[in-house]
Amino acid sequence: MDKLKGLNTSLAVTAAVCASTALLTYIICNLRSRDEEQSQRSATAAKRASERTVKDKSQVQEGKPKGTLLNDLSLQEIYLWEVEHLGAHFKSEFTGMNKMKNQSAYSEYTSEPSSPVAVSTGDGSDYNKLISNHEVIIADIKQKPAAGGGVNRTRAYVRAGPRKHLHFNPSGVTAAIVTCGGLCPGLNNVIRELTNTLIHLYGAKKVLGIRGGYAGFYTDAWQPIELTPEIVNNIHHEGGTFLGSSRGGFDIDKTVAFLKKHKINQLYVIGGDGTHRGAFRIHEECMKLKMNVGVCGIPKTIDNDVDHIDRSFGFSSAVQAAQSAIRTAKTEASCNLPNGIGIVKLMGRSAGFVAVHAAMSSGDVDLCLVPEIPIVLEGEKGCLPFLQRRVKEQGFAVVVVAEGAGEELLGESTETDASGNKKLPAIGEFLKSKINEFFKKNDPQGATVKYVDPSYIIRSCPANAADSLYCMQLAQNAVHGLMAGYTGFSVGLCNNRMVLLPIPYLVETSPRHMDAHGRTWERVLSITRQPNTAKPMKPGEVVSYAPMLR
Ligand SMILES: Nc1ncnc2c1ncn2[C@@H]1O[C@H](COP(=O)(O)OP(=O)(O)OP(=O)(O)O)[C@@H](O)[C@H]1O
Ligand SMILES: O=P(O)(O)OC[C@H]1O[C@](O)(CO)[C@@H](O)[C@@H]1O
């Protein structure tokens, strides 16, 4: 019996040993085959990489870029948005070369290349890069193969920057700068940089600041100010405009008479779409009267509703300034019981860009209401039951509403401001009362609603770093453009490059709106999880993208 037991035990041990050996063999084989597979994969990847390197090298040697040639994609037609040039009507006043006036030219070097001996030629230093009149920036950088054998088309913009040849003799330039419409962070940065560029970089004769917008051309009490680098030195640290602004005024005859009287040959107009329409009128009148005057617009508005450009200056600062209002609303809503709801009203007459960008960047917003998307109060997609659900989940809710939202509920206003822009009904107060009513009816505790209106706070602040940099680029390129002889244009950032845009094209589709079926709104929905109340797309309607976020 004992023997049998012993035999069983040894059989069991042998079986166990065999099993473990088999398992070990299986594992080793598996590992080996996995290793083999892995080294095979690495070899294939290395082969592919080396083939790619060889291919890239040969392409580069042939003067082509690296990468794979897409045979199914090409850009066949490019349409330039031409900018008018004074050279077509008047002889150039300058025969010299465009140089950076405020720099000494280096013509000799010591043996130590890092310490050049400056020998000033007296007429300035060469630019590192001059832009040729044929350089363009392609507008539609997003491309896909054209369907059904069609052609791919895009428009293109004139690239901004210093030109080799100037139309104006800089020392004979008397420039005027005017700011019109609502305030916007960065106005002072633009005034300052225009003045500095005109005087330091080009050596212009005189720069006049027109006070109080277009009305300043003919209002005796608002005499122009002569701008110098000393006078404008610190203005960029302040919000608002050193020159003052206004709505309403525009008189073409008096404006042209002013230009003649003060021998102004370059006019810089800073403003929104209304201001640009006025600027183009002045340009047309100057051409009609054969006046050798260049007119340039610099697009400004916190609403970011000037079409085609990546963004208007001041927008980024306004979105940033809105953050503290949203945080205030969140604190008030979360600390005030029961059922705290904070409402923030932000500017945005017909476009909700400030509201959606402020909401997206804050991450604290539960409901965002903009003019482009109809407001539905009750029912399945209603914003009021949605708010009630959100308050149940997290104890409070934050709402951001653009001032132009809810026209479909409040009715279109018939009142206008001095420029003819329609006045807006009080959507913030309306929402507050609707929320209170709804909660009173549907929750025994009701709601505690706090309303924050930071409208002018976000518009009158100084520019942030991003806008300050942008204003500097805009101002310099405006001066480069006018000095070169371009006229009737506006400057802006398109696809992150500075370009010159013909004003009629710019204003044709301005003010622009956020696309209710675009990706920006989709991002808002993904963050807030609010019901989508955008009207369904019409048959054949195409989704376009707001240039700020694509
Ligand atoms: N079509 C036009 N022709 C001539 N001048 C105009 C025109 N539209 C507006 N303006 C003038 O331009 C100036 C600014 O216009 P508006 O008040 O509409 O501001 P805006 O430039 O559109 O900027 P904002 O974004 O602040 O509204 C005003 O003096 C107004 O009279
Ligand atoms: O009260 P104001 O100065 O006329 O300006 C209000 C409007 O100006 C804007 O900020 C545009 O400049 C709009 O968003 C707003 O509706």
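All values derive from a computational prediction rather than experimental measurement. First listed ligand is number 1; within each ligand, the first listed atom is number 1. Below, each value reflects all heavy atoms present in this structure, side chains not excepted, and no hydrogens, waters or symmetry copies.
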Of the protein's non-hydrogen atoms, which lies at the shortest distance from [atom], and what is that distance?
atom                    : answer
atom 10 (O) of ligand 2 : Met347 SD, 3.0 Å
atom 5 (O) of ligand 2  : Arg459 NH1, 2.7 Å
atom 14 (C) of ligand 1 : Thr275 OG1, 3.3 Å
atom 15 (C) of ligand 2 : Glu403 OE2, 3.0 Å
atom 11 (C) of ligand 2 : Asp303 OD2, 3.6 Å
atom 30 (C) of ligand 1 : Ser419 OG, 3.6 Å
atom 10 (N) of ligand 1 : Gly274 O, 3.4 Å

Answer yes or no for [X]: is there a heavy-atom contact with ligand 1 below 4.0 Å?
X      : result
Asn421 : yes
His276 : no
Gly248 : yes

Show me which atoms of ligand 1 lie under 4.0 Å from any heavy atom of [X].
X      : value
Arg247 : 16 (P), 17 (O), 19 (O), 24 (P), 26 (O), 27 (O)
Gly249 : 28 (C), 29 (O), 31 (O)
Gly278 : 3 (N), 4 (C), 5 (N)
Gly182 : 26 (O)
Thr301 : 25 (O)

Could you tell me whether [X] and [Y] have a side-chain N and a carboxylate O separated by less than 4.0 Å?
X      : Y      : value
Arg459 : Asp303 : no
Glu408 : Lys535 : no
Lys288 : Glu285 : yes

For this session: For Glu82, look at atom CD and say whether over 12 heavy atoms of other residues, nucleotides or ligands are found less than 6.0 Å away.
Result: no

For this session: For Tyr456, counting its heavy atoms only, list the atoms of ligand 2 lying under 4.0 Å from any of them.
Result: 1 (O), 2 (P)

Exercise. Near Gly348, which atoms of ligand 2 are under 4.0 Å from a heavy atom of that residue?
Worked result: 14 (O)

For this session: Under the salt bridge (Lys or Arg N to Asp or Glu O under 4.0 Å) rule, what do Lys432 and Glu429 come out as? Steps first, then yes or no, please.
Result: CA-CA 5 Å; Lys432 184 179 171 182; Glu429 287 83 352; over 6 Å; no

Exercise. Does ligand 2 have an atom that lies less than 4.0 angstrom from a heavy atom of Gly272?
Worked result: no

Exercise. His480 and ring pair (Phe, Tyr, Trp, His ring centres under 6.0 Å): which partner among Tyr202, Tyr486, Phe168?
Worked result: Tyr202

Exercise. How about Tyr470 and Phe313: are their ring centroids closer than 6.0 Å?
Worked result: no

For this session: Keeping the roles fixed (side chain from Gln530, backbone from Cys368), state whether a donor-acceptor pair exists under 3.5 Å.
Result: yes

Exercise. Is there a donor in the side chain of Asp364 and an acceptor in the side chain of Ser362, or the other way round, less than 3.5 Å apart?
Worked result: no

